[in-house]
**Student:** 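I have a structure here, written as C-alpha cells, and I will follow up with some questions on it.
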Amino acid sequence: MSIKLGVPSKGRLMEKTFDWFATRGVVLSRTGSDREYAGAVEGIDNVDLVLLSAGEIPRELASGRIHLGVTGNDLVQEKLVQWDQKVEPLAGLGFGRADLIVAVPQCWVDVDTLDDLDGAAAAFRKRHGFRMRIATKYHRLVRDYLRRGGVADYQLVDSQGATEGTVKNLTAEAIADITSTGETLRANHLKILAEDPVLRSEATLFRSRSAPMAGADRDTISELRIKLGV
Ligand SMILES: Nc1ncnc2c1ncn2[C@@H]1O[C@H](COP(=O)(O)OP(=O)(O)OP(=O)(O)O)[C@@H](O)[C@H]1O
Ligand SMILES: O=P(O)(O)OC[C@H]1O[C@H](OP(=O)(O)OP(=O)(O)O)[C@H](O)[C@@H]1O
C-alpha cells in the first residue's frame with residue numbers, strides 16, 4: 001500500500017510546493033513530458049504524487065481519494081461544508097499568501113466600511129429596482145461574511161476569473177476576490193473596505209480525515225511528518 005499526496009499541478013503553487021518539500025529532503029518532481037500529469041517522490045518510500053488542480057484538492061481530500069494535499073486554505077474553506085470535520089491543517093507553508101477582500105469603485109467616496117456598503121446597497125435597490133451585484137467565486141465565504149457584517153440588500157453574481165473587470169464591464173457594482181499585491185484592484189479603480197478581510201489565505205498542507213489507511217500507511221504518514229517537521 002502507499003499513501004497519496006496531492007499537490008497543485010501547475011503555476012505558482014506547484015513550484016513553491018516542490019521547493020518546500022525539497023528543502024525538507026522530500027523531492028517531488030513531474031515526470032514524462034511537459035504536458036503529462038505524472039509525478040515521482042524521492043526521499044521516502046510508499047508515497048505517490050498526485051498532480052491536481054489546486055481547486056480540486058479540497059474535494060479529493062474530503063472524499064479520501066488522497067491522504068495529504070497542498071492547497072490554499074481559502075479553497076478548502078470555500079468548497080467544503082464543515083471543512084474542519086473533513087480535513088486537518090498540518091502546517092501553513094508560508095507562500096501563496098493572499099487576502100479575500102470586498103472592494104468597491106474608488107469613486108464611491110462615501111463607501112469605506114461594511115456599514116456604508118449596506119446603506120449604498122439599500123439606496124441602489126431603491127434607485128435601480130434590483131439588488132447591487134457583487135461578483136465573486138467565493139460564494140459561501142462572502143455570503144457568511146456579509147451576513148455577519150449586516151449587509152443585506154445585495155446579490156452575488158458568479159465570476160470564475162477576471163473578477164475585477166466585472167465592474168468596468170457593468171456586470172457587477174462591487175467584487176469579492178483574492179488579492180496579494182493589490183495591483184489588479186488599483187488598475188481597475190477599486191478600493192478595499194476598511195474591515196478585516198473575509199479570510200487570510202496561504203498554501204497549507206492538509207490531512208484527509210477519511211482516507212482509508214492500513215497500519216503501514218500510518219507508519220508512512222508518521223515518517224513523512226517527522227521528515228517535514230509538521
Ligand atoms: N495573487 C493571487 N491570485 C490568485 N490566487 C492566489 C494569489 N496568491 C495566492 N493565491 C492562491 O492560489 C490558489 C489558487 O491557485 P491557482 O490559481 O493555481 O488555482 P486555480 O485557479 O484553482 O487553478 P486551476 O485553474 O488549476 O484550478 C488559491 O488558494 C489562492 O488563494
Ligand atoms: O493583488 P494582485 O497581486 O494583483 O493579484 C490578484 C489577482 O490575481 C488573481 O487572478 P489570477 O491571476 O489567478 O487570474 P483569474 O482570477 O482571472 O483566474 C486574483 O483573482 C486577482 O485577480
Side-chain angles (χ1 to χ4, degrees), residues 5-21 28 30 34-39 49-63 65-66 68-80 83-84 86-106 133-142 144-145 156-169 171-193 196-208:
L5 166 65
V7 307
S9 54
K10 55 184 184 204
R12 55 197 144 211
L13 289 190
M14 183 188 84
E15 282 168 22
K16 289 186 169 159
T17 301
F18 281 16
D19 291 346
W20 189 89
F21 277 82
L28 312 180
R30 278 185 65 161
D34 270 5
R35 291 177 189 264
E36 186 184 345
Y37 291 116
L49 186 61
V50 185
L51 295 160
L52 292 165
S53 140
E56 283 173 13
I57 288 176
R59 190 185 61 205
E60 295 302 295
L61 283 163
S63 69
R65 282 191 289 270
I66 57 177
L68 299 170
V70 172
T71 191
N73 55 290
D74 55 340
L75 298 175
V76 162
Q77 294 192 36
E78 171 63 24
K79 288 175 187 266
L80 302 182
W83 67 273
D84 50 347
K86 296 173 181 158
V87 299
E88 178 193 3
L90 297 181
L93 306 191
F95 57 83
R97 288 212 167 95
D99 288 347
L100 175 58
I101 53 82
V102 178
V104 300
Q106 280 167 1
R133 297 162 296 179
I134 303 179
T136 191
K137 62 176 160 194
Y138 293 90
H139 294 242
R140 190 197 321 273
L141 291 171
V142 172
D144 287 354
Y145 177 82
L156 292 184
V157 292
D158 189 48
S159 167
Q160 291 295 324
T163 304
E164 295 85 349
T166 57
V167 173
K168 182 156 191 276
N169 295 335
T171 54
E173 285 67 52
I175 65 129
D177 197 14
I178 284 289
T179 180
S180 48
T181 64
E183 270 174 45
T184 312
L185 290 170
R186 280 191 292 281
N188 288 284
H189 314 290
L190 297 167
K191 63 175 177 181
I192 301 175
L193 295 183
D196 283 344
V198 180
L199 185 85
R200 292 187 209 278
S201 185
E202 74 175 309
T204 301
L205 175 63
F206 290 95
R207 178 182 75 80
S208 165

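Here the structure is a predicted model, which is why all the values come from computation and not from measurement. Ligands are counted one by one from 1 in listed order, and the atoms in each one are counted from 1 as well.
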**Student:** Any idea which heavy atoms bring Ile178 and Asp74 closest together, and the distance?
**Tutor:** CD1-OD2, 3.4 Å
**Student:** Closest heavy-atom contact between Leu141 and Glu78?
**Tutor:** N-OE1, 3.0 Å
**Student:** Between ligand 2 and the protein, tabulate every N or O atom pair separated by less than 3.5 Å, reporting distance only.
**Tutor:**
unit_1: ligand 2; atom_1: 1 (O); unit_2: Thr179; atom_2: OG1; d: 2.7
unit_1: ligand 2; atom_1: 1 (O); unit_2: Ser180; atom_2: N; d: 2.8
unit_1: ligand 2; atom_1: 1 (O); unit_2: Thr181; atom_2: N; d: 3.1
unit_1: ligand 2; atom_1: 1 (O); unit_2: Gly182; atom_2: N; d: 2.8
unit_1: ligand 2; atom_1: 3 (O); unit_2: Ser180; atom_2: OG; d: 3.1
unit_1: ligand 2; atom_1: 3 (O); unit_2: Thr181; atom_2: N; d: 3.0
unit_1: ligand 2; atom_1: 3 (O); unit_2: Thr181; atom_2: OG1; d: 2.5
unit_1: ligand 2; atom_1: 4 (O); unit_2: Thr181; atom_2: OG1; d: 3.4
unit_1: ligand 2; atom_1: 4 (O); unit_2: Thr184; atom_2: N; d: 2.9
unit_1: ligand 2; atom_1: 4 (O); unit_2: Thr184; atom_2: OG1; d: 2.5
unit_1: ligand 2; atom_1: 13 (O); unit_2: Arg12; atom_2: NH2; d: 2.9
unit_1: ligand 2; atom_1: 17 (O); unit_2: Ala162; atom_2: N; d: 2.8
unit_1: ligand 2; atom_1: 20 (O); unit_2: Asp177; atom_2: OD2; d: 2.8
unit_1: ligand 2; atom_1: 22 (O); unit_2: Glu164; atom_2: OE1; d: 3.1
unit_1: ligand 2; atom_1: 22 (O); unit_2: Glu164; atom_2: OE2; d: 2.8

**Student:** Of all heavy-atom pairs between Ser159 and Thr166, which one has the smallest distance, and what is that distance?
**Tutor:** OG-CG2, 4.1 Å
**Student:** From the options Leu100, Leu185, Leu190, select the one residue that forms a side-chain contact (heavy atoms from CB on, under 4.5 Å) with Thr179.
**Tutor:** Leu185
**Student:** For a quick test of reading the model, state the closest non-hydrogen atom pair linking Leu61 to Leu68 and the distance between them.
**Tutor:** CD2-C, 3.7 Å
**Student:** Using every non-hydrogen atom in the two residues, find where Val70 and Phe21 come nearest and quote the distance to one decimal.
**Tutor:** CG2-CE1, 4.0 Å
**Student:** For ligand 1, give me the residues whose heavy-atom distance to it is below 4.0 Å, by chain and number please.
**Tutor:** Lys10, Arg12, Leu13, Ser53, Ala54, Gly55, Gly72, Asp74, Leu75, Gly96, Arg97, Ala98, Ile178, Ser180, Ser201
**Student:** State, yes or no, whether a side-chain contact exists between Phe18 and Arg30 at a heavy-atom distance under 4.5 Å.
**Tutor:** yes
**Student:** CD of Glu88 to NZ of Lys86: how many Å apart, nearest 0.5 Å?
**Tutor:** 16.0 Å
**Student:** Kindly give the heavy-atom pair with the smallest separation between Glu173 and Pro105, and that separation in Å.
**Tutor:** O-CD, 3.2 Å
